[in-house]
Amino acid sequence: MKNIKIVFMGTPDFSVPILEMLINNYNVVGVVTQPDKEVGRKKIITPSPVKIVAERNNINVLTPKKLKDEYESIIELEPDIIVTCAFGQLVPVEILNYPKYGCINVHASLLPKYRGGAPIQRAIMAGEVKTGITIMYMAEGLDTGDMISKEEVLIDDNDNYDSLSIKLQKSGVNLLEKTLPDILKGKVKREIQNNEESTYARIITRDDELIDFNKSTLEIHNKIRALDSIPGAYAILDGNVMKIYSSRMSDHMYLNAKNGQIVKIYSDGFGVSTKDSELIITQIQLQGKKRMSVKDYFNGITKEKLIGKVFNEDLYEDKKN
């Protein structure tokens, strides 16, 4: 298959195993990824993980700010097929119509559910017990193209964004490796998506990251799992942001406590009252500090003084429903 010319389009770590598989089995003539961006408090200009892999393999890299205005250089590479995975921009029709074998996308959900830019996080947030990979032909709409193949991936109770991403990466590589030869041989069947069953996985915003302790323990726990480790859920305590990365659920109820109130100290965490029970927070990050276990956090404070403090007290009115 080394005579097949492929252009790959992707950006984050999630896309890297897909690119590596293509490099090992096909002729990747170009990689399209998002421009370098500032990272961290020091705002260091950093290339995308996909760009790093492409340059290591001496592959031509394109970083258009707006693909719809800068697509000619991709067509000049004369790809036989374009493969995308978590690229981050809509692909214009001029590119979609060019390759002999079309443009295909490796999407991290069981379409038509969770179309959009944050399918992994949204599936965990929603409490789904399974998700998966869909390989599809790309169309002008957002993840609306005809489906080619699917593979289910189970979501365990303890899965977070990182662990589920690893599962889906492996599934994506395996499924693409099996599906791509059939695409090139014209042996696949197209399945039209049922738009009535579609849901939208919009990109995570700062508002999404804020924990609302007026929600149920399960809803909050799922949000924390979904945002661990990037970008991290957070709440406000004593006027300061506390990122919350890990938790476990408890069925204890504190009838006289406010939602968001710290009600109990455990050996490895602290319990917070929610709409329906208690959430035990076990891993956090304070402003200007590194991520740490709550057990280590206790070493630097008088932990008993946490009892009675309320998260987000100035942000919304706590109600016991």
Side-chain angles (χ1 to χ4, degrees), residues 118 120-129 155-164 202 204-321:
I120 303 175
Q121 294 99 324
R122 295 295 176 186
I124 298 174
M125 279 187 184
E128 300 281 5
V129 297
I155 304 176
D156 295 334
D157 291 343
N158 294 321
D159 271 330
N160 60 14
Y161 172 76
D162 288 347
S163 64
L164 185 55
R202 60 181 176 81
I204 302 297
T205 67
R206 184 64 172 168
D207 288 342
D208 293 318
E209 298 164 27
L210 178 63
I211 295 172
D212 182 354
F213 287 97
N214 292 315
K215 302 288 187 180
S216 71
T217 293
L218 179 59
E219 288 176 288
I220 300 168
H221 179 65
N222 286 343
K223 171 175 281 195
I224 292 169
R225 291 194 300 137
L227 302 182
D228 178 13
S229 61
I230 296 173
Y234 78 96
I236 308 295
L237 188 67
D238 292 336
N240 297 310
V241 171
M242 177 185 287
K243 288 222 172 188
I244 298 171
Y245 290 106
S246 183
S247 62
R248 67 176 188 272
M249 296 187 292
S250 165
D251 57 5
H252 295 162
M253 291 192 67
Y254 297 83
L255 297 177
N256 296 320
K258 295 180 179 179
N259 297 340
Q261 184 174 345
I262 298 175
V263 290
K264 188 172 181 179
I265 301 297
Y266 295 84
S267 61
D268 64 337
F270 51 83
V272 182
S273 182
T274 69
K275 173 183 176 179
D276 61 353
S277 56
E278 175 192 28
L279 183 77
I280 301 168
I281 294 170
T282 58
Q283 198 169 59
I284 62 171
Q285 183 178 12
L286 305 178
Q287 287 178 286
K289 303 290 184 180
K290 293 183 179 180
R291 180 170 170 166
M292 71 180 83
S293 68
V294 171
K295 187 175 182 180
D296 288 340
Y297 169 60
F298 286 160
N299 292 333
I301 66 167
T302 304
K303 55 190 177 184
E304 289 75 18
K305 290 185 178 180
L306 290 172
I307 297 292
K309 291 188 176 183
V310 180
F311 279 101
N312 304 336
E313 197 165 25
D314 296 330
L315 295 182
Y316 56 78
E317 181 182 356
D318 290 291
K319 296 180 180 179
K320 199 71 176 180
N321 296 324

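All residue numbers in this chain count up from 1 along the given sequence. This one's a predicted model, so the numbers in the text were calculated from it and none came from an experiment.
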**Message:** If I compare all heavy atoms of Gln285 with all of Arg291, which pair ends up nearest, and what's the gap?
**Reply:** CG-N, 3.8 Å

**Message:** Between Asp296 and Lys289, does any side-chain N to carboxylate O distance fall below 4.0 Å?
**Reply:** no

**Request:** Kindly assign one of parallel, tilted or perpendicular to the pair Phe311 and Phe270, based on the angle between their ring planes and the thresholds 30° and 60°.
**Result:** parallel

**Asked** Can you tell if the side chain of Tyr266 reaches within under 4.5 Å of the side chain of Val294, non-hydrogen atoms only?
**Response** no

**Prompt:** Among Ile262, Ile220, Val272, Asp268, whose side-chain contact (heavy atoms from CB on, under 4.5 Å) with Ile281 holds?
**Reply:** Val272

**Prompt:** So, Ser250 versus Glu278: side-chain donor-acceptor pair below 3.5 Å or not?
**Reply:** yes

**Item:** Salt bridge flag under 4.0 Å for residues Lys258 and Glu313
**Value:** yes

**Message:** What I'd like to find out is whether the side chain of Thr205 reaches to under 4.5 Å of the side chain of Arg202, using heavy atoms alone.
**Reply:** yes

**CG (Asn158) with more than 12 external heavy atoms under 6.0 Å** = no

**Item:** Check against salt bridge (Lys or Arg N to Asp or Glu O under 4.0 Å), Lys223 and Asp208
**Value:** CA-CA 9 Å; Lys223 171 175 281 195; Asp208 293 318; 5.7 Å; no

**Asked** Looking only at heavy atoms, what is the nearest atom pair of Met292 and Gln283, with distance?
**Response** O-CG, 3.3 Å

**Request:** Quick one: do Leu164 and Asn160 satisfy side chain to side chain contact (heavy atoms under 4.5 Å, CB included)? Show the steps, please.
**Result:** CA-CA 6 Å; Leu164 185 55; Asn160 60 14; over 6 Å; no

Run the side-chain donor-acceptor check on residues 230-240: report pairs under 3.5 Å with partners two or more places apart or on a different chain.
unit_1 : atom_1 : unit_2 : atom_2 : d
Asp238 : OD2    : Lys309 : NZ     : 2.7

**Request:** Starting at CD1 of Ile280, measure out to CE of Met249 and round the result to the nearest 0.5 Å.
**Result:** 10.5 Å

**Message:** Nearest 0.5 angstrom please: Asn222 CG to Thr217 OG1, how far?
**Reply:** 10.5 Å

**Request:** Would you mind listing every side-chain hydrogen bond (donor to acceptor under 3.5 Å, both in side chains) that reaches into residues 298-308, with sequence neighbours excluded?
**Result:** none

**Request:** Using the side chain to side chain contact (heavy atoms under 4.5 Å, CB included) rule, take Ile244 and Ile211 through it: C-alpha gap first, then chi angles, then the decisive distance, then the call.
**Result:** CA-CA 9 Å; Ile244 298 171; Ile211 295 172; 3.7 Å; yes

**Prompt:** Considering all heavy atoms of both residues, which atom of Ser247 and which atom of His221 are nearest to each other, and what is their separation?
**Reply:** OG-ND1, 2.8 Å

**Message:** If we check side chain to side chain donor-acceptor pair (under 3.5 Å) with Asn259, which of these qualifies: Asp212, Asn312, Asn214?
**Reply:** Asn214

**Request:** Could you walk me through whether Asp162 and Ser229 pass the side-chain hydrogen bond (donor to acceptor under 3.5 Å, both in side chains) test, one step at a time?
**Result:** CA-CA 7 Å; Asp162 288 347; Ser229 61; 2.9 Å; yes

**Prompt:** At what distance, to the nearest 0.5 angstrom, does CD1 of Ile155 lie from CD1 of Ile124?
**Reply:** 6.0 Å

**Asked** So, do Leu227 and Glu209 sit near enough that their side-chain heavy atoms are less than 4.5 Å apart?
**Response** yes

**Request:** Please confirm whether Arg225 makes a cation-pi placement over Tyr161, using NZ or CZ under 6.0 Å from the six-membered ring centre and within 45° of the ring normal.
**Result:** no

**Message:** Please check this pair: side chain of Gln121 against backbone of Met125, looking for a donor-acceptor N/O pair closer than 3.5 Å.
**Reply:** no

**Prompt:** What do the steps show when you test Tyr297 against Ile284 for side chain to side chain contact (heavy atoms under 4.5 Å, CB included), and what is the final call?
**Reply:** CA-CA 8 Å; Tyr297 169 60; Ile284 62 171; 3.7 Å; yes

**Request:** Start with the C-alpha distance between Leu286 and Met242, add both sets of side-chain angles, then the distance that settles side chain to side chain contact (heavy atoms under 4.5 Å, CB included), and finish with yes or no.
**Result:** CA-CA 5 Å; Leu286 305 178; Met242 177 185 287; 3.7 Å; yes

**Message:** For a quick test of reading the model, state the closest non-hydrogen atom pair linking Ile224 to Ser246 and the distance between them.
**Reply:** CG2-N, 3.6 Å

